[in-house]
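Written below as structure tokens is the structure these notes are about.
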Amino acid sequence: MTTRGTSALSAALALLACLGCGGSHETSGATTATLHATRSALTRIPQVNKPPSPGGSSFIVSDELAGGGHADAYCVASPRPKTEWCAVTVVRPEGQVTAEGIFVNAPKLSGEIPLLSGSGDYEGVVGTLVTSGIADRSELVTLKLR
Amino acid sequence: MRAAALAVLALALAGLVTGCGSKHSSKSGERHGTRVRLHIDAPPAGASRGMFTPIFHFARPFESGDGYIIWDDLPDKAVRYTYCVISPSRRPHTAWCTIVLSLPKGQIVFAGLNDHFDQGRFDSFPAVGGSGAYVGARGSYRALGGRRGGFIEVSLR
């Protein structure tokens, strides 16, 4: 990420903190922002012709973020016990970031997964997305960005 | 065509799942300058925790839009998780896939198209990110699996 991009990102995250939708801080080039998310909708996606083996069920969930924006997640249950793959995108007025990975504590789905990249003010960022629980009605999402 | 592909896929994936991540696998990491290489041997089919699960959305199985999951446990409590959706491409064995390697030091995510899903083979599959020790991971994943064994090779820069 460019210096300009870093500055813009820091400014955006500082603004988020001022709006009361979470905290942010920056240490040695890394920026962390915590966002409060509240579930607005969840759709379970049924399987037709379901095989006898477990796994394969999926859902998509949408959360509203305090201060503006939303976070949507698409998750697919694994036949591996307690394991679920999720792709999570957080959309803010300044841009969006996408994270993807597996959680091994289903159905809670809390922990950290790789944050792959972003757009707008988040263009080129990498890092980690930490969630308190994708399946929860109220969730804390922390973005640890580099 | 689909039925034949399904039969080959089931055979290939059975070998891939049972052949990877058994107790006999070995894993080594090698640094060359800024590059990191991980090599995980996949021994012949044997006792290993893993499973192949198809995901069907239509009346006929393995239509485009259907998917499948493969997971297998690797040494050091690592896990490989593969999720694919079959493409409507004219190529008969193309699927969009994402692979997550969950390793002791973090996760590495790969995503792209696999033109050989019937063979359980991945050639030059792109790394798109990681967490923990692998934040911002870029590089390639290559895997060959079968009843006679195979390997996983990850090259990161």
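A, B, ... follow the sequence lines: proteins, then strands. Residue 1 opens every chain. If you're wondering where the values come from, they're calculated on a predicted model, not measured in any experiment.
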*Can you tell if the side chain of B:Arg138 reaches within under 4.5 Å of the side chain of A:Val126, non-hydrogen atoms only?*
yes
_Contacting region of A:Ala99 [heavy-atom separation from chain B under 4.5 Å]_ = neither
*State, to 0.1 Å, how close B:Ser131 and A:Pro114 come at their nearest heavy-atom pair, and which atoms those are.*
N-CG, 3.6 Å
*Hydrophobic cluster membership, B:Val79 vs B:Met51, 4.5 Å side-chain cutoff*: yes
*May I ask you to name which of A:Gly101, A:Ser78, A:Gly55 has the most heavy-atom pairs under 4.5 Å with chain B?*
A:Ser78
*Report yes or no: do A:Ile45 and B:Ile55 belong to one cluster of Ile/Leu/Val/Met/Phe/Trp/Tyr joined by side chain heavy-atom distances under 4.5 Å?*
yes
*Measure across B:Tyr81 and A:Val76 and return the closest heavy-atom pair with its distance rounded to 0.1 Å.*
OH-O, 3.2 Å
_Side chain / backbone / both / neither for A:Thr83 at chain B, heavy atoms under 4.5 Å_ = side chain
*Is A:Phe59 linked to A:Val141 within one hydrophobic cluster, defined over Ile, Leu, Val, Met, Phe, Trp and Tyr using a side-chain heavy-atom separation of less than 4.5 Å?*
yes
*What's the shortest heavy-atom distance between A:Glu112 and B:Gln107, and which atoms?*
O-NE2, 4.0 Å
*Rounded distance [0.5 Å steps], CD in A:Glu84 versus CD1 in B:Ile69*: 8.5 Å
*Determine whether B:Val135 and A:Leu145 fall in the same hydrophobic cluster, where Ile, Leu, Val, Met, Phe, Trp and Tyr are linked whenever their side-chain heavy atoms lie under 4.5 Å apart.*
no
_Same cluster (ILVMFWY, side-chain, under 4.5 Å), B:Phe62 and B:Ile70_ = yes
*Heavy-atom distances under 4.5 Å only: say whether B:Ala59 touches chain A with side chain, backbone, both or neither.*
backbone
_Residue pair B:Ser102 / A:Ile102: nearest heavy atoms and the distance that separates them_ = CB-CD1, 3.7 Å
*So how far is it from A:Cys75 SG to B:Tyr83 OH, rounded to the nearest 0.5 Å?*
10.5 Å
*Among the options B:Gly106, B:Gly129, B:Gly130, pick out the one with the most heavy-atom pairs lying under 4.5 Å from chain A.*
B:Gly130
*Quick one: closest heavy-atom pair of A:Glu100 and B:Phe110, and the distance?*
OE2-O, 4.5 Å
*What is the minimum heavy-atom distance between B:Thr53 and A:Pro79, and which atoms define it?*
OG1-CG, 3.0 Å
